[in-house]
Amino acid sequence: MDYPQPVHELINELKSLPAIGARSAERIAIWMLRDKRRNPISLAEALVNCEKEVGACPECGFFSLRGELCEICASKKRERNAVCVVEQAPDVMSLERSGAFKGLYHCLGGVLSPLDGVHPEDLRIESLMRRVDQMDGGEVILAIGAHVEGEATSNYLAELLEGKGVKVTRLARGLPVGANLEFADQLTLARAFEGRAF
Ligand SMILES: [Zn+2]
């Protein structure tokens, strides 16, 4: 005695989500099927819409509507002479919630990790250099996690940015070693910004 195949497939899909174990996946699947008020079709449509309509900002790599600049790049209120470089798009959300920064961002899409096959050409480094070349002075803040690959990536970028006429800083105090920006609390991020140095 077992669930019909489509239910199995739904459970398997749910199980592949972060922080959802086998039991939770089963409970969610059954809840979706039994509680019609939840309308699982609208959930499915929301997923399809995200897949179809959401992409990466052509300028900074943050989430945006496909082919359009993200809200931050399009905003007239942001300081244009400061670019904060982060590993991943969700890091932007963490920094925005901290309220510490009013400039623009650049999402690398990861960190250098030759052992895992992540090389400079796999990250948004070329486009970062193009952006910096168009800047008239200003500052590039390397807000990359303080783990081994993060440090190596910051050092690599700092070298590339040398002689480009921008001040290069990096987040210093506040972030625990080994931490990802995504999971840091607002105060920690704000302190790290205040104490940025190179
Ligand atoms: Zn953008």
Identify the two heavy atoms, one from [X] and one from [Y], that lie closest to each other, and give their separation to 0.1 Å.
X	Y	value
A143	C84	CB-SG, 3.5 Å
A89	F63	CB-CE1, 3.6 Å
F101	A82	CZ-O, 3.7 Å
H8	Y3	CD2-O, 3.5 Å
M135	N81	CE-O, 3.4 Å
C57	C70	SG-N, 3.4 Å

Between [X] and [Y] (side chain of the first, backbone of the second, donor and acceptor by atom type, cut-off under 3.5 Å), is there such a pair?
X	Y	result
S98	L95	yes
D91	E182	yes
R66	E51	yes
S113	V118	no
S75	E71	no
S24	I20	no
R78	G103	yes
D122	H119	yes

Pair I72-E96, side chain to side chain contact (heavy atoms under 4.5 Å, CB included): steps then yes or no: CA-CA 10 Å; I72 296 170; E96 282 297 287; 4.1 Å; yes

Taking side chain as C-beta onward, heavy atoms only, is [X] less than 4.5 Å from [Y]?
X	Y	answer
M129	L160	yes
L108	V85	yes
L142	T153	no
L69	P58	yes

H106 and R131 side chains, donor-acceptor separation under 3.5 Å: yes

H147 and E87: side chain donor to acceptor below 3.5 Å: yes

Using a cut-off of 6.0 Å, state whether more than 12 heavy atoms not belonging to [X] lie near its atom [atom1].
X	atom1	value
R23	CZ	no
Q5	CD	yes
D136	CG	no
E9	CD	yes

Measure the spacing between [atom1] of [X] and [atom2] of [Y] and express it to the nearest 0.5 Å.
X	Y	atom1	atom2	result
I141	Y105	CD1	OH	9.0 Å
E59	L104	CD	CG	8.0 Å
E13	L47	CD	CG	9.5 Å

Evaluation steps, side chain to side chain contact (heavy atoms under 4.5 Å, CB included), between L157 and I125: CA-CA 8 Å; L157 291 176; I125 292 179; 4.1 Å; yes

Residues R170, N155; criterion side chain to side chain contact (heavy atoms under 4.5 Å, CB included); working and verdict: CA-CA 10 Å; R170 63 175 90 184; N155 292 339; 2.9 Å; yes

Check against side chain to side chain contact (heavy atoms under 4.5 Å, CB included), D133 and K164: CA-CA 7 Å; D133 284 337; K164 292 224 177 247; 2.9 Å; yes

Same apolar cluster (I L V M F W Y, side chains within < 4.5 Å links), Y156/V148: no

Same apolar cluster (I L V M F W Y, side chains within < 4.5 Å links), I11/L33: yes

Ion pair E139/R80, N-O distance below 4.0 Å: no

